[in-house]
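Throughout, protein chains are lettered first and strands after them, A, B, ... in sequence-line order, and every chain is numbered starting at 1.
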Amino acid sequence: MTGAIGKPTPYIDAVQKVTGQAMYADDYKFPNMVYVSCLRSTESHAKIKSLELKKAEASPGVIAIVTGKDIPVPFGVLSISRDETAMAIEKVRYQGEIVAAVAAETIEAAEAGVKLINVEYEPLTEFFTPQDSLKTCTPDEQIHAHTKDHKNIHKTAELRFNEPEKELETAKHKQTGEFKFAGVTHGFTEPHSAVAMWNGDETLTIISATQVPHYLQKNLSKVLGLPLHKIQVKKPVLGGGFGGKSDPFPHEMIVSFLSKKIKRPVKCTFSREEVFITHHGRHPTEINMSLSCDAGGKITALDADIIIDGGAYGSFGVVTSYYNGVLLQGPYEINKFGFRTRRTYTNKHQCGAMRGHGAVNPRYAVETLLDMMAHNMKMDPCDLREKNFLSEHSSTVGEFRITSNGIRDCIAAVRKKSDWDSRYGKLPYGHGLGVACGFFISGSALPILWNRYPQTVVHAKLDFDGRIVMFSGASEIGQGSDTLLVQIAAEELGIPMDFVQVEVADTKTTPVDLGSYSSRVTFMVGNAAKTAASNIRNEMVKAISKEKDTTAESLIFRNGRIFTKDKSLDITWEEGVEMAMAGRGAFVESGFYISPKLGGNFKGAGAGLSPSYSFGAFISEVEVNPKTGETNVIKVWGAHDCGKALNPLAVEGQIEGSIHMGLGQTMSEEMRYKNGQQLNANFFDYRIPSSLDTPDMDVTIIESNDPEGPYGAKEAGEGPIHPVLPSIGNAVFDAVGVRMMELPITPDKVLKKIKENV
Amino acid sequence: MEYYHSPDSIKDALSMAREFDGNFIYFAGGTDVQIYRKQKLEKNEHIIDLKSIQDLNSISMKDEVLSLGAMTPLDDIIKSKEIQNYFPLLMEAAKSVATPVIRKTATIGGNLLVRNRCTFYNQSQEWRNGVGSCLRDVGDICQVTGGNNDCYSRNVSDTAAALIALNAEITLINSNEMTQKPLKDIYLPCGIKFHDLDNKNILTQIHVPFRPKKWWYKKLRVRKTLDFTSLTIAATVDNDDMARICLNGVSMAPILIEESLDTLTIESLIKQARKNCKTVDNDLMPLKYRREMINVFLEEWWEYEHHK
Ligand SMILES: Cc1cc2nc3c(=O)[nH]c(=O)nc-3n(C[C@H](O)[C@H](O)[C@H](O)COP(=O)(O)OP(=O)(O)OC[C@H]3O[C@@H](n4cnc5c(N)ncnc54)[C@H](O)[C@@H]3O)c2cc1C
Ligand code: SF4
């Protein structure tokens with residue numbers, strides 16, 4: 001690599017963002033725009049007996065009011081669980097669900113209108129815990145009519161290989177644990193916001209803070225009954241997503257419907273409280289897991305029974321159900337393996353995908369059990385893990401293809417840097433070290449909606465001005481995908497990055513990309529962009545070698561020049577562009593990525609399949625005050641195998657961000673409810689760690705050079721979160737000898753355990 | 001803005017207060033009160049901003065008495081060399097309030113009069129409509145206890161704990177009189193009317209006459225910054241071994257325990273504290289734990305006091 005790839009590169013949109021020039025969804029204003037405010041349910045589960053709109057309709061400034069019956073077509077990110085409508089119809093399923101939406105000349109007028117709507121509810125039995133939802137109920141009590149056996153179970157996902165339960169029954173070295181995890185939410189900075197316009201040519205344009213323009217386009221088409229080619233979804237600059245903007249949302253349906261109806265631009269921006277209500281975050285989870293080893297410490301079996309609390313609607317829940325189990329197949333080799341996950345509907349905010357999707361909580365469980373095992377077998381926890389790592393170019397029991405794998409380098413790095421060997425188990429009481437590992441998909445190999453197209457296409461355009469424009473549907477959500485496109489084109493064409501610009505995430509002008517989820521963008525879009533840019537180069541080579549009578553292979557593109565090794569030819573980029581465009585003008589080249597066929601032939605084999613997997617090992621150091629139970633995470637060493645760091649600055653940022661986010665879920669973040677109502681729907685009471693709570697971080701990037709990744713790259717956005725949580729939990733054990741089986745690890749829980757221990 | 005008023009003298013402020021009687025609030029840094037306005041817990045229309053009034057934000061020492069203007073920003077208190085040297089307890093307490101940015105705006109007067117808090121009350125109007133408003137709002141029962149007489153919202157002022165332990169006095173100005181009284185006397189054991197200032201009273205000065213022999217301060221919260229207290233304890237001991245221990249964040253008003261070290265035992269201290277604190281489940285930190293921490297903190301102070 002001689003160009004921009006592999007160099008720490010500040011994001012191309014960084015200056016825009018810090019100077020306030022960046023346009024987020026809510027920054028867009030259009031003449032004649034109207035504003036929407038939503039009436040939200042005050043009940044958790046109730047029939048809507050009556051809905052009285054007259055007073056609101058007559059309120060000054062109110063232009064239109066819509067209710068559930070106006071937009072009755074159900075939608076959802078997964079075609080198998082389209083169980084949600086834009087607004088509640090006939091009944092509400094959680095407190096805060098949208099019941100009506102008021103469009104008015106000003107936001108104040110819309111809010112005033114909302115206050116004048118009268119709703120009468122008839123309460124239904126409420127289900128707030130998964131245990132309640134697992135029980136049989138009357139048909140009338142069912143949250144959704146489609147669930148089976150009169151229970152509120154949304155999905156049961158189960159896979160089993162080689163009878164793990166038999167092994168566990170007789171295993172000599174066995175650890176079992178019951179774990180409990182509170183729900184957590186993404187906590188992104190920018191609230192959801194969307195503005196829709198009905199255009200003169202009978203088409204719809206929506207500018208929305210979304211991670212998935214493509215799925216939004218598809219769902220809008222369904223809900224509005226509008227052909228796909230009449231819908232333009234544009235993603236503006238986005239203020240964070242973490243999975244919280246990877247579903248199509250009710251407000252997007254509402255503004256689109258309204259703009260078509262009243263033929264004016266319509267905007268809806270959520271308050272922070274509404275963002276919390278909208279949620280779609282990590283499922284509250286209960287896990288019962290068992291793990292066995294042989295006398296030498298080789299894992300023999302793992303079995304897990306998992307219940308996840310999905311809230312009122314489906315979202316990504318079916319995928320989450322599978323991910324909770326299947327992503328336990330690495331980074332250790334486990335040949336007898338099984339799990340069952342049940343996802344329940346409850347009358348609370350709906351859960352969905354969040355950074356590390358589905359695998360974060362079970363990772364905590366398995367890494368804790370391994371630590372217990374090591375302790376019990378008087379083995380070093382790092383050694384025990386090292387005995388069990390999957391090797392490179394191998395396969396898991398569920399037929400995940402493992403290609404590159406840098407896990408051994410990861411654990412070696414953190415072990416050395418943290419001085420593990422001379423400190424673990426030897427620190428004074430109250431002070432401890434803990435280790436954990438993890439792995440994650442580098443993009444889901446299967447699209448969410450089955451089709452025969454590639455998962456992404458990138459177009460690269462060259463014009464007379466020498467500028468390359470990369471057209472990609474990829475959604476920059478702060479992870480650096482726009483910068484990546486520029487780096488790749490600059491690398492392939494040997495030009496400075498400022499020759500490259502991007503046009504992205506606009507379903508009218510950019511080719512389809514499935515979206516920013518499942519850590520797929522670097523791998524898939526990276527590969528496609530590389531092909532597109534190298535195709536431009538091929539075209540230029542053809543033209544130049546013909547005109548200058550050189551061989552195609554002898555041309556070198558570097559530092560803005562095109563030359564042969566002996567410099568018999570040495571021209572500027574612009575001269576090369578002129579030759580390439582002679583007689584044909586500007587041209588576009590294309591690249592795409594399609595995942596190879598992977599996986600087994602059993603039901604559920606597709607879940608968790610990825611063209612490549614990332615790996616990581618983390619060590620945390622904590623101090624626990626045994627009198628108060630307060631735990632202070634002092635330092636985290638993280639090593640992550642991202643294949644190849646195309647932008648080391650971004651990779652470092654992702655690992656640090658993962659440490660911070662993992663710390664939040666471990667120590668203080670929690671969706672708190674009382675009777676279905678969230679007690680902490682604001683950034684004051686929902687406690688994301690502050691800078692003072694954030695430990696020192698030591699980040700090591702491991703490069704295992706994946707054979708199929710662009711320049712060897714894999715993901716780095718989600719994988720690094722998994723080991724963070726259990727490394728802290730295990731450090732607490734080393735510090736004070738108690739096992740934290742419940743997250744968050746709040747002081748009261750630690751203190752209780754310490755007291756029980758003596 | 002017809003509702004915003006910025007008098008430049010106390011006299012003008014008081015005459016405005018008379019004019020808008022029953023429909024105004026005093027506004028210092030506004031860091032507390034603005035949130036009440038946003039959440040529609042504060043419905044009075046007129047704002048009388050005290051910022052332009054001269055001489056309300058000075059820090060001075062005379063005859064060993066520290067005088068603080070009520071409008072002094074907490075940040076100035078933290079940075080004052082006099083306070084750092086002679087009243088480190090006050091500095092620690094001020095430093096534990098909110099965040100560096102907020103402390104540049106938040107005043108000491110506002111902090112002493114910060115409104116009591118409760119998980120079921122400090123919420124948006126839509127939220128309160130969801131559970132049903134409580135006694136302190138427009139409803140008729142307490143969401144925490146189910147009772148219909150008493151509100152147990154918590155006094156959360158960190159500097160009040162410190163200043164009460166320091167035996168501070170305050171100056172109040174009303175239409176025609178100026179009164180000086182011990183700070184501790186203004187607080188009432190009621191979550192709804194938590195101090196006895198009539199609505200036109202302006203707090204102008206805080207006086208700290210006493211420099212303790214020893215002091216101790218600790219605040220319980222989830223994060224190391226930003227969070228309101230779940231339990232604050234400030235303690236002082238004077239030259240005659242008289243201990244003043246003030247607990248806040250666990251009851252409707254700061255709780256002061258004053259006793260000579262000659263007679264005080266840790267058991268009796270804990271007993272008095274637990275008896276006087278009307279702690280209920282209205283904070284996100286679990287009730288049992290907060291109660292336990294009263295013991296742990298007091299024991300820690302006790303150890304500190306007896307081991308050095
Ligand atoms: C994120 C955040 C975190 C916070 N954390 C803390 C914390 O940890 N600890 C804490 O104690 N507080 C905290 N606060 C609350 C608040 O910031 C502080 O209490 C602050 O000191 C209040 O001072 P102020 O000048 O802003 O008061 P204001 O909001 O202006 O006033 C507060 C009250 O006092 C009255 N008042 C103010 N000055 C006078 C006066 N001179 N005479 C008569 N009445 C007066 C006002 O009418 C109002 O009722 C926090 C606030 C926020 C937003
Ligand atoms: S303690 Fe009871 S009455 Fe007081 S604010 Fe809280 S819920 Fe309302």
Taking B:T119, B:N129, B:L284 one by one, which has the highest count of heavy-atom pairs under 4.5 Å against chain A?
B:L284
Do [X] and [Y] make the cut of ring centroids closer than 6.0 angstrom?
X      : Y      : value
A:F683 : A:F276 : yes
A:F684 : B:F228 : yes
A:F270 : A:H192 : yes

Pick from B:R291, B:R154, B:R221, B:K288: which one makes a salt bridge (Lys or Arg N to Asp or Glu O under 4.0 Å) with B:D283?
B:R154
Output the distance between atom SG (B:C118) and atom CG (B:D137), rounded to the nearest 0.5 Å.
10.5 Å
To the closest 0.5 Å, what do you measure between OH (A:Y121) and NZ (A:K91)?
13.5 Å
Contact part of [X] toward chain A, heavy-atom cut-off under 4.5 Å: side chain, backbone, both or neither?
X      : answer
B:E299 : neither
B:F120 : side chain
B:Q143 : backbone
B:V131 : both

Heavy-atom count around A:K752 NZ within 6.0 Å, excluding the residue itself: above 12?
no
Counting only heavy atoms from other residues, nucleotides and ligands, does the tally under 6.0 Å from NZ of B:K95 exceed 12?
no
Is the terminal nitrogen or CZ of B:K214 (NZ for Lys, CZ for Arg) located under 6.0 angstrom from the six-membered ring centre of B:Y304 and within 45° of that ring's axis?
yes
Which region of A:K749, side chain (C-beta onward) or backbone (N, CA, C, O), has a non-hydrogen atom less than 4.5 Å from a non-hydrogen atom of chain B, or is it both or neither?
neither
If one checks every heavy atom of A:L751 against chain B at 4.5 Å, the contacting part turns out to be side chain
So which of A:N682, A:V114, A:N632 has the biggest tally of heavy-atom pairs under 4.5 Å with chain B?
A:N632
Return the option, out of A:N680, A:I277, A:D685, A:T746, with the maximum number of heavy-atom pairs under 4.5 Å with chain B.
A:D685
Are there residues of residues 43-53 of chain A whose heavy atoms fall under 4.5 Å of chain B's heavy atoms? If so, which?
none
If you check every heavy atom in residues 662-677 of chain A against those of chain B, which residues fall under 4.5 Å?
A:S668, A:R672, A:K674, A:Q677
Looking at [X] and [Y], does any basic side-chain N land under 4.0 Å from a carboxylate oxygen?
X      : Y      : value
A:K627 : B:E303 : yes
A:K755 : B:E292 : yes
B:K219 : B:E92  : no
B:R223 : A:D693 : no

Can you tell if the side chain of B:N116 reaches within under 4.5 Å of the side chain of B:N155, non-hydrogen atoms only?
yes
